4 protein chains.
Amino acid sequence: MQTSRPSRTKEEVVKDFRTAEILDAARRVIGELGFADASMERIALEAGVAKGTLYRYFESKESLLAHALEHAHRDMITRSRAATQRVRAYRDKLREAVRAVLEYSAEHQAFYQALLERPDLSIDRESVVARTLTKNFEEYIRFVSGLLTRGARSGEFRPVDPRRGAQFLIEIIRSLLRERLADRKPPDVDSDVETIIDFYLHGVGAGGLE
Amino acid sequence: MQTSRPSRTKEEVVKDFRTAEILDAARRVIGELGFADASMERIALEAGVAKGTLYRYFESKESLLAHALEHAHRDMITRSRAATQRVRAYRDKLREAVRAVLEYSAEHQAFYQALLERPDLSIDRESVVARTLTKNFEEYIRFVSGLLTRGARSGEFRPVDPRRGAQFLIEIIRSLLRERLADRKPPDVDSDVETIIDFYLHGVGAGGLE
Amino acid sequence: MQTSRPSRTKEEVVKDFRTAEILDAARRVIGELGFADASMERIALEAGVAKGTLYRYFESKESLLAHALEHAHRDMITRSRAATQRVRAYRDKLREAVRAVLEYSAEHQAFYQALLERPDLSIDRESVVARTLTKNFEEYIRFVSGLLTRGARSGEFRPVDPRRGAQFLIEIIRSLLRERLADRKPPDVDSDVETIIDFYLHGVGAGGLE
Amino acid sequence: MQTSRPSRTKEEVVKDFRTAEILDAARRVIGELGFADASMERIALEAGVAKGTLYRYFESKESLLAHALEHAHRDMITRSRAATQRVRAYRDKLREAVRAVLEYSAEHQAFYQALLERPDLSIDRESVVARTLTKNFEEYIRFVSGLLTRGARSGEFRPVDPRRGAQFLIEIIRSLLRERLADRKPPDVDSDVETIIDFYLHGVGAGGLE
DNA sequence: CATGAATGAGGCTTCATTCAT
DNA sequence: TATGAATGAAGCCTCATTCAT
């Protein structure tokens, strides 16, 4: 009467569930305290498990943090891709990608900064966390620069170096994100999306010859 | 013929020299290992002094790091201001400010990132270091937004929110900086300056209606 | 037949046992080296645990020392009270209180001095340890001066200032204690008790007019 | 014209003067902060000399503290002896000795406690300081017990163990001293002298049989 | 002789990791 | 498998002592 041998045993399901719980807890703790003060103790507390349990799911703190980043990154990039597919024009795709990021961040608060973070002063540069950040960052860069490349081909964008262009967009988003996170009552997402897109498309120049 | 105003005793000169040596050592260590792993032990080693000696010059690790940031920030902003005064047009002022930052960073490598850094995931958010970063960042924001405001009045720039505009520029510079720092052989500064200015003034839009 | 109220889990029992072990180790170390040289390292060694373990039981060195004092003080005052209740006459109560102290100290050696110690030259005067000493000392003062007051009312004692009288008794005890502790073979307790009581009741005067 | 070769050269006089200055400074610092917090830095500051200078006069911190104790002890015992010689009766001698101590302590405040201090919890027991304290204490004990012995021979005192009797007196004095030092406005010396002498001669007993 | 900058041993405390239950 | 007590390396800081000037 048992269901036809599921591809995953009950143990595996439980394990995956716990893993996700822990990663979420890590996300919350990092968001609240920052990387530097996110201790295993605190993460365990937040996850409602014992400290030792964390080591049954992750081999080290480094690994746990790296997975937490990866986890959130997956979430975010999935949303971004989905959002861009709902519209046609590349300007609109860009707009929706920006909106997806801002919305995601609104849900996950401060932690989110780390997603677009690069290997930074704060983190041991040889570390797994650093490599994960770099990898995630690169993936997002490729995603955005893909939009730019195809948008340039379609004539909607100037033919700028797409990698550079993508980087710039990401930085601008992060900058605005930071403000939003600092604000107790940030403006609504739409208005910030427009600010970014307007600036990103037209720059600050008055339009005359340079 | 010698001036009768010694103004600084030999001891003061020596003290200032040592202070600068330590700050430079700190700058190198932070550049190499990041904030999180910059220990007093390591800084002392780099400076060629004993651990205890650091405490003759700075009352705590926090204070030392904060001063290292401040020290570099002063250098950089001084250069930026000077550079902008050598030219008239606001677009040129902007260009020279960007160049000053890139050049300064070329000399001080990775540490430099911290200068434009804001209180970040890596750093205890209540700390003196965090406050110093915020202060420095705010000062640079005011400097750039001053340029934007006056440039807008002169008709060279669109009337965007100057604080936002300044933030965006700084983020773009940081983004490029990061690439330069990662590159073993970064392109020459002029070319990167043009990339930034071009993007910053015109955006990536093709120019049609949005 | 067994009680159904476990009241304390096995973990709590173990915890209490360890706590007591550590406090005893601290007591020995303080007794051996004095407060000033009682380091956490040394206490951990004496207790047979790692340095870090101490911090699972006490939040700081101060707290550990303060609890060690408190721990021993509780022991001692409990015994003193019990001893005084076994006899009627106030002179006898006094005698038994003195005996309790001397006996207790015989068991706990040098550390014991600290129990009757007041915030002293050796200890940071604002510290928790200092406050604990003061508190303990005051409690003992009240206990003794209670005996004096009631004994005076019963006509057994002269109506001296009871607080002063209590202080004097404690100091006399301490003085004798010190000798006992210094001696490898102190005289038996009874004889010292009589010495104290005799002196305390009659003074050194020959009895004529002053 | 120079005075006929003084027994001490000018250098020696200066040296002795400096030595005394430093010892006084140490006395003040110990009185203010206690032994545990009396650092060489602080003593040098108080004495108005450089830290290194202290080591020209004393070979170590230990030695300096021991000499400071010795120095103050000499002062005090000299006064006590002188005071006892101004009167005949042993009860009066005792009274004057007590008064000398209280008066001396009024001048030198908290530091004074250390004079009657015995090797204590606070101090490394093998140390020079500990040995100095013991020595000083013993000397004072001998002084007082001499009074008691001779007073007993003259019939003024009961024939108690003179060493014990001396100890008890010293402890009683210390106890009162402590109160005086804690009080912002201690009662006048005379009244405390009488309290001590009254208690010391007659005890607290009501006079009936024990 | 005097100075005070420099030293470095040693003290307190934190926290990632291990392991017996 | 989960726990959390125990561990000890490593970090920050203090201060007695030394020594070049």
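Letters A, B, ... mirror the listed sequences (proteins, then strands); counts begin at 1. The basis for the numbers below is simple: all heavy atoms, side chains too, and nothing from hydrogens, waters or symmetry mates. Owing to the predicted nature of the structure, the values given are computational and were not obtained by experimental measurement.
Distance, B/Phe58 CZ to F/dC12 C1': 16 Å, rounded to whole Å. Rounded to whole Å, atom C1' of E/dA6 lies 11 Å from atom CD1 of B/Ile22. C/Glu59 has its CD atom 9 Å from the P atom of E/dT14, to the nearest Å. At whole-Å resolution of the value, CG in D/Asp37 and P in F/dA16 are 10 Å apart. For the pair A/Glu62 CD and E/dT17 C1', the computed distance is 14 Å after rounding to whole Å. When the P atom of E/dC1 is taken as reference, atom CZ of D/Phe17 falls 16 Å away, rounded to whole Å. Rounded to whole Å, atom C1' of F/dT14 lies 17 Å from atom NZ of B/Lys61.
Under the 3.5 Å distance criterion, the side-chain polar atoms of D/Lys51 are left unmatched by any main-chain donor or acceptor of D/Leu45.
Within the 4.5 Å cutoff, the side chain of C/Tyr55 has no heavy atoms near those of the C/Leu64 side chain. Two residues are said to be in side-chain contact when any heavy atoms from C-beta on lie closer than 4.5 Å; A/Thr53 and A/Arg18 meet this criterion.
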(request) Represent DNA chain F in dot-bracket notation, 5' to 3'. Only Watson-Crick or G-U wobble pairs with both distances under 3.5 Å count; pseudoknot-style crossings use [ ] and interstrand partners use |. (result) .||||||||||||||||||||
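Between A/Lys15 and A/Glu12 no salt bridge is recorded (no basic side-chain N to carboxylate O distance below 4.0 Å). With respect to the salt-bridge test (charged N to carboxylate O, under 4.0 angstrom), the residues B/Glu70 and B/Arg74 qualify. Taking a cutoff of 4.0 Å between a charged side-chain nitrogen and a carboxylate oxygen, B/Glu46 and B/Arg42 qualify as a salt bridge.
A/Glu59 meets the salt bridge (charged side-chain N to carboxylate O under 4.0 Å, His left out) test with no other residue; sequence neighbours excluded.
Counting non-hydrogen atoms under 4.0 angstrom, A/Tyr57 reaches the backbone sugars and phosphates but no base.
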(message) As a quick check of understanding, evaluate side-chain contact (heavy atoms from CB on, under 4.5 Å) for D/Glu32 and D/Asp37, giving each step before the final call.
(response) CA-CA 9 Å; D/Glu32 190 179 341; D/Asp37 291 330; over 6 Å; no
(request) Using the side-chain contact (heavy atoms from CB on, under 4.5 Å) rule, take A/Thr19 and A/His67 through it: C-alpha gap first, then chi angles, then the decisive distance, then the call. (result) CA-CA 10 Å; A/Thr19 301; A/His67 278 89; over 6 Å; no
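Nearest-nucleotide assignment on DNA chain E puts the 5′-proximal partner with D/Val14, out of D/Val14 and C/Ser60. Summary of the strand contacts: C/Lys15 and B/Ser39 both lie near DNA chain F, and taking for each the nucleotide with the nearest heavy atom, the more 5' one is attributed to C/Lys15.
Only B/Val49, B/Ala50, B/Lys51, B/Gly52, B/Thr53, listed by number, bring a heavy atom of residues 40-55 of chain B to less than 4.0 angstrom from any atom of DNA chain E.
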